[in-house]
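These notes are about the structure you will find just below.
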Number of protein chains: 2
Amino acid sequence: MSAAPGRVPDGPRGRTGAEPRRGALDGPSDVASAGQHTGRRPGEGDTRGAILEAACDEFAAHGFDRATIRGIAAAAGVDPALVLHYFGCKAQLFGDAISFPVEPAAVVRRSAAAGIDGIGAAVVRSFLEGWEEGQNRRRLVALLRSAMTNDVALARVRDYLGRRIFGPVTRELALPDGELRATLVGSQLIGLAMLRYVTGSEPLASASQDDLVEAIGPGVQRYLTGDLGAAAPGGEERAGRS
Amino acid sequence: MSAAPGRVPDGPRGRTGAEPRRGALDGPSDVASAGQHTGRRPGEGDTRGAILEAACDEFAAHGFDRATIRGIAAAAGVDPALVLHYFGCKAQLFGDAISFPVEPAAVVRRSAAAGIDGIGAAVVRSFLEGWEEGQNRRRLVALLRSAMTNDVALARVRDYLGRRIFGPVTRELALPDGELRATLVGSQLIGLAMLRYVTGSEPLASASQDDLVEAIGPGVQRYLTGDLGAAAPGGEERAGRS
DNA sequence: CGGTTAATTCAACGGCCGTTGAGTCGACCA
DNA sequence: TGGTCGACTCAACGGCCGTTGAATTAACCG
């Protein structure tokens, strides 16, 4: 493009939160909340679970920094203070909402069953199923969104990659250049997740799992067991940063 | 590190204890700034350029939302108001700081010179050189970081991919399934950028360009000109979500 | 049926942020 | 030499945010 850098992001502080919907009486100083009367609610409802649901959605939609406790509380239909009553602080809430069952060796267990020639396809399929199973997708999108601007979320993504992708893969196949191979696989899978789940780039976003396994599996297979050229012969790379 | 879901990101915005209230009417009320005296500075310095530099760094380090005008001003050694004096608002500043020379067809021009069999390697090399040339790396990291939580930055990433990767590639090679091929290439390249430049995953982050071209080029080549299986035969693409 | 405990809201505090308007000072031109 | 204009800072406003402590109400247990 030329030199017309004009407009870029977002309004001053604008965000379309949930509606305030204040009740009858007026005059609370800060903001209006649910409008319910005070005290414990009758009946049983899983309020805590509702908060976790709402938090997961908000974090997935906006990332850690931009998601607000007030917004989460509004989405869950409760007062913001209740959120902190249950979870202590925003960071703790993030941790509880985003935590998901990591089955560390699931990828590689399938791979072993698939045999050495099918391991690329098995890794891709396992990755896709992991993302699209249950609540994982929302949680992982939230994690990926937050990781870009939040150090601890980034550390958690690293942990996810290391524990769920790199570790099992390099351990199972005791090949030379295991770490390089693992990060190459990781780069393809993370890129796939970004375009398919976060940005929703279109032919990729609605392709079937089968088609993706067919399209991407061979490349992953090559990263795992193929010839990578003279890359990382073992001796002379990584003068890198600290 | 950090096994339990317990502690997660960011320092609490919490109290620091002392400093009960601001004084009567002397002393700067908001925060202390550079301490320079008021009025125009003697000599000539490229203050505007310094602000742009600082903004680029801050946006790259924290993303759009978390970077602050006050922080940028402090890094540039000026008053926050001067930043707005030059750029109007934060969004405009982001646009000016992040804008970079897009040479739209650079990727494909090299590719044409490389011949059909070397196009994968040429695309990868061109991508790496584009990222590592001049200020592009900081700017692109800033863009990628911001894109996760900012719609306009995301749109700009989409534009970058479409204009610089997908568009040229699909136009040059008039192959069937051009869009699928282009997004597959994009997924590999974006994933590579994430791990190499944003998270700094280690064997990948300090590998040489040559090694990466050798390692990744063939996969990209296959996405561009190879057989992708039964993927996207043209008729029946998934009813999909949403 | 009284007392304890947990769930829930209310009201507010202090902090950082983007933005603004008014003022001060140096460079430059006639 | 005086005036204009742009560079630059100061001080503040209003807003949203995370967090807190006290008050209120329902469930639960003996």
Side-chain angles (χ1 to χ4, degrees), chain A residues 9-15 17 20 22-23 25-48 50-51 62 64-74 76-94, chain B residues 9-23 25-48 50-51 62 64-74 76-94:
Chain A
D10 119 324
R13 202 59 164 179
R15 255 197 52 214
R22 59 193 314 164
L25 50 89
D26 61 346
S29 64
D30 215 354
V31 295
S33 52
Q36 302 261 2
H37 64 81
T38 179
R40 184 172 189 150
R41 293 179 184 173
E44 338 189 341
D46 184 14
T47 308
R48 203 188 125 104
I51 293 173
H62 306 118
F64 179 82
D65 297 311
R66 207 146 162 118
T68 69
I69 297 234
R70 285 170 155 92
I72 291 165
V78 301
D79 188 272
L82 188 60
V83 178
L84 280 314
H85 168 72
Y86 278 127
F87 300 97
C89 68
K90 189 183 180 183
Q92 179 81 247
L93 172 63
F94 181 83
Chain B
D10 140 306
R13 217 81 91 128
R15 46 143 107 258
T16 48
E19 201 88 18
R21 238 169 288 146
R22 61 194 49 166
L25 42 81
D26 76 346
S29 67
D30 218 346
V31 294
S33 52
Q36 303 260 2
H37 63 80
T38 178
R40 184 174 189 151
R41 292 179 185 174
E44 340 191 338
D46 184 14
T47 309
R48 202 188 125 105
I51 293 173
H62 305 118
F64 178 82
D65 298 312
R66 211 159 164 103
T68 69
I69 297 235
R70 285 169 156 94
I72 291 164
V78 301
D79 188 273
L82 188 61
V83 178
L84 281 314
H85 169 72
Y86 278 128
F87 301 97
C89 68
K90 188 182 180 183
Q92 180 81 248
L93 172 64
F94 181 83

[X] side-chain proximity, nearest of [options]:
| X | options | result |
| --- | --- | --- |
| Asp79(B) | dT19(D), dC17(D), dC10(D) | dC10(D) |
| Lys90(A) | dT20(C), dT8(C), dT19(D) | dT19(D) |
| Cys89(B) | dT19(C), dT9(C), dT20(D) | dT19(C) |

Distance, rounded to the nearest Å, where [X] contributes [atom1] and [N] contributes [atom2]:
| X | N | atom1 | atom2 | result |
| --- | --- | --- | --- | --- |
| Leu84(B) | dC13(D) | CG | P | 18 Å |
| Phe64(A) | dG18(D) | CZ | P | 8 Å |
| Arg48(B) | dC8(D) | CZ | C1' | 15 Å |
| His85(A) | dT5(C) | NE2 | P | 14 Å |
| Asp46(A) | dA7(C) | CG | P | 11 Å |
| Arg70(B) | dT9(D) | CZ | C1' | 14 Å |
| Leu82(A) | dA22(D) | CG | P | 18 Å |
| His62(A) | dG18(D) | NE2 | P | 13 Å |

Where do Ala50(A) and Ala76(A) come nearest, in terms of heavy atoms and distance? O-CB, 3.9 Å
Below 4.0 angstrom from OP1 or OP2 of dG6(D), is there any side-chain N or O of Tyr86(B)?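 For dG6(D), neither OP1 nor OP2 has a side-chain N or O of Tyr86(B) closer than 4.0 Å.
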N or O in side chain of Thr47(B) less than 4.0 angstrom from dA7(D) OP1/OP2: no
Does Phe64(A) offer a backbone N or O that forms a donor-acceptor pair with the side chain of Lys90(A) under 3.5 Å? yes
Can you check whether Ile72(B) reaches Leu93(B) side chain to side chain, under 4.5 Å on heavy atoms?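 A side-chain contact under 4.5 Å exists here.
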Taking C-beta and beyond as the side chain, do Ile51(A) and Arg48(A) meet within less than 4.5 Å on heavy atoms? no
For the atom pair CD1 (Ile69(B)) and CG (Asp79(B)), what is the distance rounded to the nearest 0.5 Å?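 Atom-to-atom, Ile69(B):CD1 and Asp79(B):CG are 11.5 Å apart.
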Check every strand shown and say whether Ala67(B) touches a base, only sugar-phosphate, or nothing at a heavy-atom separation below 4.0 Å. sugar-phosphate
